[in-house]
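Convention: sequence-line order gives letters A, B, ...; per-chain numbering from 1.
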There are 2 protein chains.
Amino acid sequence: MVQPSAQPLRIPGGPVSAAPTVYDVAQRSGVSIATVSRVYRNPDSVRRETRDRVLATARELGYVPSANARGLASRSTGVLGLCFPDYADPDAEAGAEASDDDDAAMLYSDQIIRGMERAARRHGYALLIAASLNGGPASLVSKVAGRVDGFAVLARTVPTEDLEVISRRLPVVILAGPREIDHLDHIEVANADGQRELTRHLIEDHGLRRLAFVGSEESSPDVEARFRGYREACLAAGVPVPAEPDHRASLMTQTEGDRAVDVLLDRAGEPPRALVFANDQMAVGALRALERRGVRVPADMAVTGFDGIPLSRLVRPALTTVRQPTVRMGEEAVGLLAQRLADRTREPVSLMLPVTPVRRASCGCG
Amino acid sequence: MVQPSAQPLRIPGGPVSAAPTVYDVAQRSGVSIATVSRVYRNPDSVRRETRDRVLATARELGYVPSANARGLASRSTGVLGLCFPDYADPDAEAGAEASDDDDAAMLYSDQIIRGMERAARRHGYALLIAASLNGGPASLVSKVAGRVDGFAVLARTVPTEDLEVISRRLPVVILAGPREIDHLDHIEVANADGQRELTRHLIEDHGLRRLAFVGSEESSPDVEARFRGYREACLAAGVPVPAEPDHRASLMTQTEGDRAVDVLLDRAGEPPRALVFANDQMAVGALRALERRGVRVPADMAVTGFDGIPLSRLVRPALTTVRQPTVRMGEEAVGLLAQRLADRTREPVSLMLPVTPVRRASCGCG
DNA sequence: CTGAAAGCGCTAACAC
DNA sequence: GTGTTAGCGCTTTCAG
């Protein structure tokens, strides 16, 4: 049987010809492009017979609807986005290679991706993820923003000014960190609460009263909040309340945690009995430094971190820390986006998610 | 200062007016739309002065380029995709909630996402991820395929027929499983090698000669390959070679692993000394069942799994298994896609990635 | 270096 | 049920 109008069929694997469009399918199956469109968008609105014919030719031609054209015409994509910074702690990567497997390198962002992916799936959305890499005028932003119905941004990934502009066009939710723009939806975690509770535990349950807090040089709202919680616990327990962290690391990496130990223990005066780090990475580095110096943990020195990264459980002694609800953050983010997509006039929401202290060996528990 | 032509500026947070387009920016900054376009695509081709003016109005208007329109016009998106089945082992989810944290629920697909995300980032692509949920005629496919420059599919996620059609239009790489379509790029893991080595270890290093293999009812190429490796090891060691798995579970879940133990141990004849499961989930379930029955692992019974999921390390005794290079699979997938995008005429590639046996307590090691 | 004009492939009213 | 007709917002020659 000879094909009426040309449109030569292709041999799979051969060079690719121009992709067939609704027009090709329509012409070949003897209907209008509108009908072809309907077959894909709302199958029931087309007579069964017609539909089958269209689907058959589509298949025959290798027709794949262009989501771009679709999005352009319908102004919606069915995709949610996530932008985050290019976290790449060289220490972490190195540690992972040496480690038993890949899990140690699981990052904060990976967990959020997991949460968002699951939630997005439930809501019928796909997820577009992009890490900032710095490019042209509106690189990351234009890459994601123009392609999704709404998206989440990890704090400080996108310049506030850009966010301001974009958020005028589509729903954006800010994750972690402070609410940079007050009319946006926002999700943060109870940093202060977590650090306060952990510190209280050290002081009251373990009877430690000489503590040292290690923060970061760079001002970070998260770290500040944690320090605040630390101070509150000291205050409540009648322990001297420091005005400043005992040490500020230049980066919150393992190497810097290691260095912090040297700084703190070589300082004049009586050394602390507990090292409270603002994140797990530094605490892990500290564990190594202490071992090297022959300081026993937790017998001679308690150590705590913050975040609850997988690595915290793998090190010996296992690290006492405060776990952030990362997966849940991702889920909540999708929830907020979905809600705002449904009602743009809704009042901006700010969620504070609870954290959970995890007591392990490094503080003397377990 | 009064604005010349209307285009009212908006108050952040207020109701959203129609999004500004190149036309708005062009008109307002006194250039043509072509120039606006150039400013974003190739900044150097526009006089600095003009460019700054355009960028300024763009910002003022809250202009965000539409990636859809861009993709439509330029036929490329800068996005790679990943499709995978909606793995949702109820057992795993439940276990995770009870567990210390979220890591236990890290799935195979999550690891691959990690690998692809990192690699995509390095190659300058964003990643679109979508789990199959079954929808209209070409649901998953049309959602992803029309939106990306190329994508990876976890075996059996998309009907082979659909894949056949789509792969005529854009690069596709098949992950794991058999190469359903022989002219596509393909990545698989050395299932047989891994299982053979693990089995050899059980027989030669631990002196076990009465083993039982648990596969799946549903025919799965991965499981078949693992069983093949198992048989090869038996053959090489002079142990009786079974024609069929000793048991086939209906699903490869924890519950079924539990059931398998009952079936195997309540069978007439001498019970096995080692249980070799085709995946970790079942092995974990078996561990629980054995404990309940008072069978000591590994003293009375060795147990092994396959996959190397995080949970395998968390259970007690820790599970001996074979780790799949999941993250690397994701990375390689991006690599293959990037290469094919650069040269469509390239010969199809099939990669076989090595796996690594992980000896832990459940087989008598560690 | 900049502008004009022709699409890219699809959806969405609105007729028939 | 199905066809017609406009765009959606941007890129891309081709002129100037």
Side-chain angles (χ1 to χ4, degrees), chain A residues 7 17-55 58 61-78 136-138 142-143 145-149 169-170, chain B residues 17-54 58 61-78 136-138 142-143 145-149 169-170:
Chain A
Q7 209 34 283
S17 63
T21 72
V22 267
Y23 291 96
D24 301 317
V25 177
Q27 182 179 6
R28 187 148 180 157
S29 48
V31 299
S32 75
I33 61 167
T35 298
V36 175
S37 176
R38 289 194 188 96
V39 166
Y40 283 87
R41 213 157 21 68
N42 188 0
D44 297 327
S45 70
V46 177
R47 196 199 310 154
R48 183 192 174 79
E49 186 188 318
T50 319
R51 192 198 325 155
D52 290 345
R53 187 150 35 94
V54 170
L55 249 17
L61 253 31
Y63 168 71
V64 178
S66 154
N68 276 330
R70 206 174 243 190
L72 219 208
S74 67
R75 309 138 161 305
S76 97
T77 65
S142 65
K143 196 154 199 168
R147 237 175 249 302
V148 300
D149 291 342
R169 253 60 258 191
L170 48 78
Chain B
S17 65
T21 73
V22 267
Y23 290 96
D24 302 315
V25 177
Q27 182 181 6
R28 186 148 181 159
S29 49
V31 298
S32 74
I33 61 167
T35 298
V36 175
S37 176
R38 288 194 186 96
V39 166
Y40 282 86
R41 215 164 16 68
N42 187 2
D44 298 327
S45 70
V46 177
R47 196 199 311 153
R48 184 191 175 79
E49 185 189 319
T50 318
R51 191 198 324 157
D52 290 344
R53 186 151 36 93
V54 170
L61 254 31
Y63 168 71
V64 179
S66 153
N68 275 330
R70 206 173 242 191
L72 219 209
S74 66
R75 307 137 164 310
S76 98
T77 64
S142 65
K143 195 155 200 169
R147 239 176 249 301
V148 300
D149 290 343
R169 251 61 258 188
L170 48 77

Between the base of D:dC8 and the side chain of B:Tyr23, is one N or O donor paired with an acceptor at under 3.5 angstrom? no
Could you check B:Ala73 against B:Val31 and say which one's nearest nucleotide on DNA chain C is further toward the 5' end? B:Val31
May I have the distance from A:Asn42 (atom CG) to D:dT2 (atom P), rounded to whole angstrom? 12 Å
Distance, nearest 0.5 Å, that separates CG of B:Asn68 from OG of A:Ser76: 9.0 Å
Taking atom P of D:dT12 as reference, at what distance in whole Å does atom OH of B:Tyr40 sit? 17 Å
Expressed in angstrom and rounded to an integer, what is the separation of B:Arg38 atom CZ from D:dC14 atom P? 14 Å
With heavy atoms under 4.0 Å as the rule, sort B:Val36 into base, sugar-phosphate or nothing. nothing
Using whole Å, what does the distance between atom P of nucleotide D:dG9 and atom CG of B:Leu72 come to? 12 Å
What's the CZ-C1' distance between B:Arg75 and D:dG9, to the nearest Å? 16 Å
With heavy atoms under 4.0 Å as the rule, sort B:Ser37 into base, sugar-phosphate or nothing. base
Starting at atom CG of B:Asn68, determine the distance to atom C1' of D:dT11, rounded to an integer number of angstrom. 14 Å
By nearest nucleotide on DNA chain C, pick out whichever of B:Ala69 and B:Val46 is the more 5' one. B:Val46
Can you tell me if the side-chain N/O atoms of B:Arg47 get under 4.0 Å from OP1 or OP2 in C:dT2? yes
Judged by modelled atom types alone, do A:Ser74 and A:Arg70 share a side-chain donor-acceptor pair under 3.5 Å? no
Starting at CG of B:Asp24, measure out to OG1 of B:Thr21 and round the result to the nearest 0.5 Å. 4.0 Å
Measure the distance from CD1 on B:Ile33 to P on D:dT11 and round it to the nearest whole Å. 9 Å
How many Å lie between CD on A:Gln27 and P on D:dG3, as a whole number? 13 Å
